[in-house]
Amino acid sequence: MKIGIDRINFFTSNQYVDMSELANVRNVDPNKYLIGIGQSKMAVIPPTQDVVTMGANAADVLIDNENRDKIDFVIFATESGIDNSKSTGAYVSGLLGLKHVRSIEIKQACYGATAAIQLAKGHVSLNPNSQVLVIGADIARYGLNTAGEPTQGGGAVAMIITKNPKILSLDADSGFVTENVMDFWRPLNHSEALVDGKTSQNVYLDFFNQTWNEYKNKTGLTVADFKAMLYHLPYTKLGVKGLREVLNEATDSKKIELEREFEAAKKYNNQVGNLYTGSLYLSFISLLENSNDLEAGDRIGMYSYGSGAVGEFFSGTLTDNFKSQLPKINLEERVQVSIELYENMYQNHLKNDGADIYLDYSNDKSKYILIGSKNMQRQYSIQ
Ligand code: CAA
């Protein structure tokens, strides 16, 4: 039985900062951010959006009368959770009106959404008529004026996992690895991640090689079998480095093809920044929408990495009608905000300090919004 991604959608805020402007204010050569890191814009998440609202905003259009009653499992992957006990899955199921479902939250840094997909795949293989809503949503926060700042961003990707999927059929085998590494972590009560940037880059690339080699050994496939290679993209330059690891195994024509497809796959990530759990899947959407060369039957390789650290290389095959199922992402409609306004929004995110607060949400036209906190309970609204 074929199982995979039947529907997919992406949500981010309608505001961004220009990376050249951020570089100028930080007294950094803009080419460090534009070329060295490989980012041109960075999504700015306003206080009226958190992972729950972004996840609901991404998932909303994927649910209709055709599949509403078939969805029986909601798996929300995030590393920017809002509660130590109650799951974001329970919050989002409530907002979306999904009642007869199991709802959970899953965590392993940026790897979480891939773990969720694997769990969903197992669930559908045991219950072929079930559909699973998988969400990966995060806000990447390292702190103003830190080395990690240009690799921030945020957003959500939502997917419906089913049998006979309309977009991507997942292959059976994958290569995976876990090592207990301190490259990136966020202690309880910290709203910013702590990171050893250089170690994280090294482990990311080392795990890519380990999982890619394991995948090849298990499947007998080689780079020649792939139309495109996708990567978790905390910033696009790291994906370029990941791609280089396989290019020396490719013929000249395959090398050109993989580089061309990667250009399409990094386009949206270059304009949004890191969304942790959703980054690999935003890159998949970017490939689907920006490549002119994809055909049904093409095999796509995917490298998922979550600090701490877990890596997995897996693959899928594009299905017959994948082109009819693509979301329509328009990042051009977003509004550029000043660095001052970005800093202001960054500092005024909702804090879990117990205070009742009511947020001004007049500028946020999203369907699902966070409007404040009362008695230490987040208050959400649908508009
Ligand atoms: N023009 C062009 N390029 C320039 C330049 C200039 N003027 N100045 C510097 N550069 C280049 C550097 O040569 C370097 O390129 P290489 O990596 O190819 O050598 C690049 O710009 C970055 O420069 P630095 O290494 O000096 O940058 P930095 O020390 O300020 O930090 C960072 C970079 C480590 C990525 C930092 O932003 C960071 O810690 N980010 C958060 C951690 C992260 O994203 N890690 C990724 C792996 S972990 C993961 O994937 C999980 C996750 O999502 C967090």
Side-chain angles (χ1 to χ4, degrees), residues 9-18 22 41-61 76 78-97 103 105 135-145 149 152-158 186 188-193 272-278 331 333-383:
N9 191 40
F10 166 65
F11 174 88
T12 189
S13 86
N14 66 346
Q15 302 174 88
Y16 71 90
V17 291
D18 179 89
L22 181 64
K41 293 176 182 172
M42 184 170 85
V44 175
I45 309 302
T48 48
Q49 291 292 319
D50 65 6
V51 289
V52 169
T53 57
M54 292 195 298
N57 282 312
D60 188 70
V61 298
F76 199 123
T78 185
E79 55 183 292
S80 348
I82 54 161
D83 193 291
N84 290 323
S85 174
K86 179 174 171 175
S87 77
T88 41
Y91 280 102
V92 89
S93 297
L95 287 173
L96 295 170
S103 305
E105 180 172 313
I135 295 173
D138 278 296
I139 302 173
R141 289 172 61 91
Y142 294 97
L144 302 176
N145 229 330
E149 184 182 34
Q152 296 178 154
V157 173
R186 185 168 67 84
L188 296 174
N189 298 327
H190 274 238
S191 61
E192 272 95 24
V272 174
N274 198 356
L275 45 147
Y276 291 159
T277 47
L331 294 173
E333 283 175 1
R334 296 180 300 166
V335 178
Q336 183 180 339
V337 296
S338 66
I339 304 305
E340 191 183 355
L341 187 53
Y342 143 68
E343 291 181 341
N344 187 281
M345 282 193 270
Y346 186 93
Q347 277 157 341
N348 288 307
H349 73 106
L350 191 66
K351 298 174 183 67
N352 287 330
D353 58 5
D356 284 0
I357 183 167
Y358 298 91
L359 299 169
D360 174 5
Y361 55 90
S362 55
N363 285 330
D364 192 339
K365 305 298 176 212
S366 314
K367 180 166 179 181
Y368 300 92
I369 48 170
L370 173 64
I371 60 173
S373 179
K374 192 177 174 194
N375 300 331
M376 295 207 78
Q377 297 173 21
R378 287 188 175 224
Q379 306 293 311
Y380 294 104
S381 180
I382 304 176
Q383 55 182 2

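Scope of the values below: all heavy atoms of this structure, side chains included, with no hydrogens, waters or symmetry mates.
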Check whether any side-chain N or O of S13 sits under 3.5 Å from a backbone N or O of V44 as a donor-acceptor pair, and report yes or no.
yes

Interatomic distance, L350 atom CG to I371 atom CD1 [nearest 0.5 angstrom]:
11.0 Å

Examine distances only and state if a side-chain atom of S366 and a backbone atom of I369 form a donor-acceptor pair shorter than 3.5 Å.
no

Heavy-atom closest pair (A137 atom, S80 atom, distance to 0.1 Å) is O-OG, 4.5 Å

Minimum side-chain heavy-atom gap I45-M54 below 4.5 Å:
yes

Atom CG of D353: over 12 foreign heavy atoms under 6.0 Å:
yes

Give the minimum heavy-atom separation between L95 and Y368, together with the two atoms involved.
O-CE2, 3.6 Å

Over 60° means perpendicular and under 30° means parallel, so tell me whether H349 and Y346 are parallel, tilted or perpendicular.
tilted

Report yes if some heavy atom in the side chain of K367 is under 4.5 Å from a heavy atom in the side chain of F11; otherwise report no.
no

Looking at E79 and D138, would you say the former's side chain and the latter's main chain have a donor-acceptor pair under 3.5 Å?
no

For M345 versus Q15, what's the shortest heavy-atom pair and its separation?
CE-OE1, 3.4 Å

Does CD belonging to Q383 count more than 12 external heavy atoms closer than 6.0 Å?
yes

Could you give all pairs that pass the salt bridge (Lys or Arg N to Asp or Glu O under 4.0 Å) test and reach residues 342-352, with sequence neighbours left out?
R26-E343

With a sphere of 6.0 Å drawn around OH of Y361, does it hold more than 12 non-hydrogen atoms of other residues, nucleotides or ligands?
no

Can you confirm whether the side chains of N57 and Q49 place a donor and an acceptor under 3.5 Å from each other?
yes

Quick one, I82 and R378 - any side-chain contact, counting heavy atoms below 4.5 Å?
yes

Non-hydrogen atoms of A156 and A58 that approach each other most closely:
O-CB, 3.8 Å

Considering all heavy atoms of both residues, which atom of L370 and which atom of D50 are nearest to each other, and what is their separation?
CD2-OD2, 3.8 Å

Locate the shortest heavy-atom distance separating T48 from T53; write the atom from each residue and the value.
O-OG1, 4.1 Å

Quick check: do L331 and Y16 have side-chain heavy atoms less than 4.5 Å from each other?
no

